Amino acid sequence: MSQIVSPSLLSADFANLQCDLDMINRSEAEWLHIDIMDGVFVPNLSFGPPVLQYVAKGCTKALDVHLMVVNPMNYLEAVKALGAKVMNIHYEACTHLHRAVTQIKDAGMMAGVTLNPSTPVMLLKDIIAELDLVLLMSVNPGFGGQKFIPHTVEKVKELRELIAATGSHALIEVDGGVNVETGKLLAEAGSDVLVAGNAVFKAENPEAVITALREL
């Protein structure tokens, strides 16, 4: 089964953003991954509304929005206004998770829940059947270019077993240190969506890397 590839905008060249968006539009990537950071939940800031609106207008791919923020539901209407396909919120940042997931789905988006590397998969047991997607962080969130945490492969397998046991239809997405080598391990373990930043945008031939990831 091929992988959905969601290149991470965080690694794009913002001095030549339109050029990178054109590349994504030409490529076989199905989604574009957008990390929104608030400098509180993670020690970094990323994109503000003007950049996001520009990207939403210029990108023909589905937007995969990942909120690395406290109080993520404060952003619901803004993410919806972008026309996002997926709204991803962190388990660690959301006290009333079931309510939040319901609100995301009611807004017409796929509801995703993200787990940090140290957060166990089994904490999703009581809500997995309601989710459209689970994003496993394979690095600690907040910065691009980090080294892949190998234990993530086992977490993918564990999550795949939980999805099967509960009858959930959730997709498994992985973000952090993903390249063709680590992507192969993740695909074999049961991933559905691969987020790749530097592996795509720093490559000599980004479109070829996207195709290689898709075919894993």
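Nothing here was measured: the structure is a model prediction, and the numbers come from that model.
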Please step through side chain to side chain contact (heavy atoms under 4.5 Å, CB included) for the pair Glu30 and Arg214, ending with a clear verdict.
CA-CA 9 Å; Glu30 295 182 47; Arg214 188 171 183 272; 3.8 Å; yes
State whether the side chain of Ser191 and the backbone N or O of Val193 hold a donor-acceptor pair below 3.5 Å, judged by distance alone.
no
How far apart are the closest heavy atoms of Ala12 and Leu17, and which atoms are they?
CB-CD1, 4.2 Å
Measuring from atom CG of Asp20 to atom SG of Cys59, what distance do you get when rounded to the nearest 0.5 angstrom?
11.0 Å
Is the number of heavy atoms from other residues, nucleotides or ligands within 6.0 Å of NZ (Lys184) greater than 12?
no
To check you understand the geometry: which heavy-atom pair defines the closest contact between Ile104 and Met110, and what is its length?
CG2-O, 3.6 Å
Closest contact, heavy atoms only, Asn198 versus Ser11
OD1-OG, 3.0 Å
With side chain to side chain contact (heavy atoms under 4.5 Å, CB included) as the criterion, how do Lys85 and Asp64 come out once you've worked through the C-alpha distance, each side chain's angles and the decisive distance to 0.1 Å?
CA-CA 6 Å; Lys85 179 183 183 71; Asp64 170 26; over 6 Å; no
Out of curiosity, does Ile149 fall in the hydrophobic cluster containing Leu115 (side-chain heavy atoms, cut-off under 4.5 Å, transitive links)?
no
Rounded distance [0.5 Å steps], CG in Asn71 versus CG in Leu76
13.0 Å
Side-chain heavy-atom pair Val69, Met37 within 4.5 angstrom cut-off
no
Walk me through whether Val139 and Phe148 qualify under side chain to side chain contact (heavy atoms under 4.5 Å, CB included).
CA-CA 6 Å; Val139 298; Phe148 179 81; 5.5 Å; no
Within the supplied structure, the quantity of interest is the number of heavy atoms (other residues, nucleotides, ligands) at a distance under 6.0 Å from Phe47 CZ; does it exceed 12?
yes
Testing the 3.5 Å rule here: is there a donor-acceptor pair between the side chains of Glu215 and Ser2?
no
Heavy-atom nearest pair, Ser138 first then Val174, reads OG-CG1, 3.4 Å
Taking Arg160 first and then Asp192, would you say they form a salt bridge - that is, a charged N and a carboxylate O separated by under 4.0 Å?
yes
Is it true that a side-chain atom of Asp38 and a backbone atom of Val70 form a donor plus acceptor pair closer than 3.5 Å?
yes
Has the side chain of Lys155 got a donor or acceptor atom that lies under 3.5 Å from a matching backbone atom of Leu136?
no
For the residue pair Leu162 and Val121, establish whether any side-chain heavy-atom pair is separated by less than 4.5 Å.
yes
Is it true that, when you exclude Lys202 itself, more than 12 heavy atoms of the residues, nucleotides or ligands shown sit nearer than 6.0 Å to its NZ?
yes
The reported gap from CG in Asp175 to OG in Ser6 (rounded to nearest 0.5 angstrom) is 8.0 Å
Okay, side chain of Asn179, backbone of Thr182: is any donor-acceptor separation there less than 3.5 Å?
yes
How long is the span from the CD1 atom in Ile4 to the CG atom in Leu171, to the nearest 0.5 Å?
5.5 Å
In the structure I gave you, are the side-chain heavy atoms of Met68 and Phe41 within less than 4.5 Å of one another anywhere?
yes
If you define the side chain from C-beta out and look only at heavy atoms, does anything of Arg99 sit under 4.5 Å from Met73?
no
Looking at side-chain heavy atoms only, is the closest gap between Val65 and Val86 below 4.5 Å?
no
Between Val195 and Phe201, is there shared hydrophobic-cluster membership here, with clusters defined by ILVMFWY side-chain heavy atoms closer than 4.5 Å?
no
Would you name the heavy atoms of Leu216 and Ala187 that are closest together and state the gap between them?
CB-CB, 4.1 Å
Decide whether Thr119 and Glu92 meet the rule of one side-chain donor and one side-chain acceptor closer than 3.5 Å.
yes
Point-to-point distance, once rounded to the nearest 0.5 Å, from CG of Leu82 to CD1 of Ile34:
6.5 Å
Check whether any side-chain heavy atom of Leu135 lies under 4.5 Å from a side-chain heavy atom of Leu133, and answer yes or no.
yes
So, Lys157 and Glu154, do they make that salt bridge, N to O below 4.0 Å?
yes
Non-hydrogen atoms of Gln3 and Leu194 that approach each other most closely:
OE1-CG, 3.5 Å
Let's go through Gln18 and Leu21 carefully: what are the C-alpha distance in whole Å and the side-chain angles of both, what is the deciding distance for side chain to side chain contact (heavy atoms under 4.5 Å, CB included) to 0.1 Å, and is it a yes or a no?
CA-CA 5 Å; Gln18 188 59 56; Leu21 288 177; 4.1 Å; yes
Value rounded to 0.5 Å, distance of CH2 in Trp31 from CG in Leu63
11.0 Å
Arg26 with Glu207: basic N within carboxylate O range, under 4.0 Å:
yes
Reference residue His66; test side chain to side chain contact (heavy atoms under 4.5 Å, CB included); the match among Ile89, Asn88, Leu10
Asn88
Is it true that atom CG of Asn74 has more than 12 heavy atoms of other residues, nucleotides or ligands lying nearer than 6.0 Å?
yes
Report yes if the side chains of Met23 and Ile210 come closer than 4.5 Å at any heavy-atom pair, otherwise no.
yes
Using side-chain heavy atoms (C-beta onward) and a distance below 4.5 Å, is Asp35 in contact with Ser8?
yes
